[in-house]
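Values in this document were obtained by computation on a predicted structure and should not be read as measured data.
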Amino acid sequence: MKLRCIVIDDEPLALSLLESYVRQTSFCELAGSFTSATSCYELVLSGGVDVVLTDGMEFAKTIEGKAKVIFTTAFEQYAIDGYKVGAFDYLLKPVSFKTFYSTMCRLFASMEEQTHPAEKPDFLF
């Protein structure tokens, strides 16, 4: 299984950096990168995306439940709002690869657990 990711950022350098992080992560696939959320709205709603990396709070509200959201922003004061919309994580810019990778590993493990739950024995010792 690979996580299909899209990156949304209006800053070209941040967009490029996050694209490179997704490409460096073996269990992730870059499904697209966008400078505005409106251009990828249909893709997300169609179910073609597992993870959205964005700094757009309003966009996250509109796609609730269609994909996991990881906020990537320079503004820590919005972290609580991020969790109110069900964000998986909130990464502060500049995002290091180590931080990005750690978050993606936790997300991957979480999604693997949902897809293939561990079998529980029918007995108790």
Looking at Thr62, Val69, Ile6, which hits side chain to side chain contact (heavy atoms under 4.5 Å, CB included) with Val44?
Ile6
Nearest-0.5 Å distance that lies between atom [atom1] in [X] and atom [atom2] in [Y]:
X      : Y     : atom1 : atom2 : answer
Leu107 : Cys28 : CG    : SG    : 8.0 Å
Met104 : Gln24 : CE    : CD    : 12.5 Å
Ser110 : Lys68 : OG    : NZ    : 5.5 Å
Ile8   : Leu18 : CD1   : CG    : 11.0 Å
Phe71  : Leu92 : CZ    : CG    : 12.5 Å
Arg23  : Ser33 : CZ    : OG    : 7.0 Å

Between Thr99 and Ser102, do the side chains contain a donor N or O and an acceptor N or O under 3.5 Å apart?
no
Under a 3.5 Å threshold, yes or no: a donor from one side chain and an acceptor from the other, between Asp89 and Thr103?
yes
Taking 4.0 angstrom as the limit, do Lys93 and Asp9 come out as a salt bridge?
yes
Considering only NZ, NE, NH1 and NH2 on the basic side and carboxylate oxygens on the acidic side, decide whether Glu29 and Lys2 come within less than 4.0 Å.
no
In terms of heavy-atom contacts, does CZ of Phe75 have more than 12 from other residues, nucleotides or ligands at under 6.0 Å?
no
Checking Glu76 now: which residues fulfil salt bridge (Lys or Arg N to Asp or Glu O under 4.0 Å) with it, not counting sequence neighbours?
none
Are Val85 and Met57 packed together at the side-chain level, in the sense that at least one heavy-atom pair is separated by less than 4.5 angstrom?
yes
By the ring pair (Phe, Tyr, Trp, His ring centres under 6.0 Å) test, which pairs, at least two apart or in different chains, include something from residues 15-57?
Tyr21-Phe97, Tyr21-Phe100, Phe27-Tyr101, Phe27-Phe108
Could you walk me through whether Phe59 and Val52 pass side chain to side chain contact (heavy atoms under 4.5 Å, CB included), step by step?
CA-CA 10 Å; Phe59 180 70; Val52 176; 4.0 Å; yes
Assess the residue pair Asp50 and Met111 against the criterion (side chain to side chain contact (heavy atoms under 4.5 Å, CB included)); give the C-alpha distance rounded to whole Å, side-chain angles, the decisive distance to 0.1 Å, and a yes or no.
CA-CA 9 Å; Asp50 299 310; Met111 293 180 82; 4.1 Å; yes
Does Leu13 share a hydrophobic cluster with Val22, counting links as ILVMFWY side-chain heavy atoms below 4.5 Å and allowing steps through other members?
no
Are Arg4 and Val51 close enough, and set up right, to give a side chain to side chain contact (heavy atoms under 4.5 Å, CB included), and what steps lead you there?
CA-CA 6 Å; Arg4 291 181 39 87; Val51 183; over 6 Å; no
Look only at the side chain of Ser20 and the backbone of Leu17, and say whether a donor-acceptor pair between them is shorter than 3.5 Å.
yes
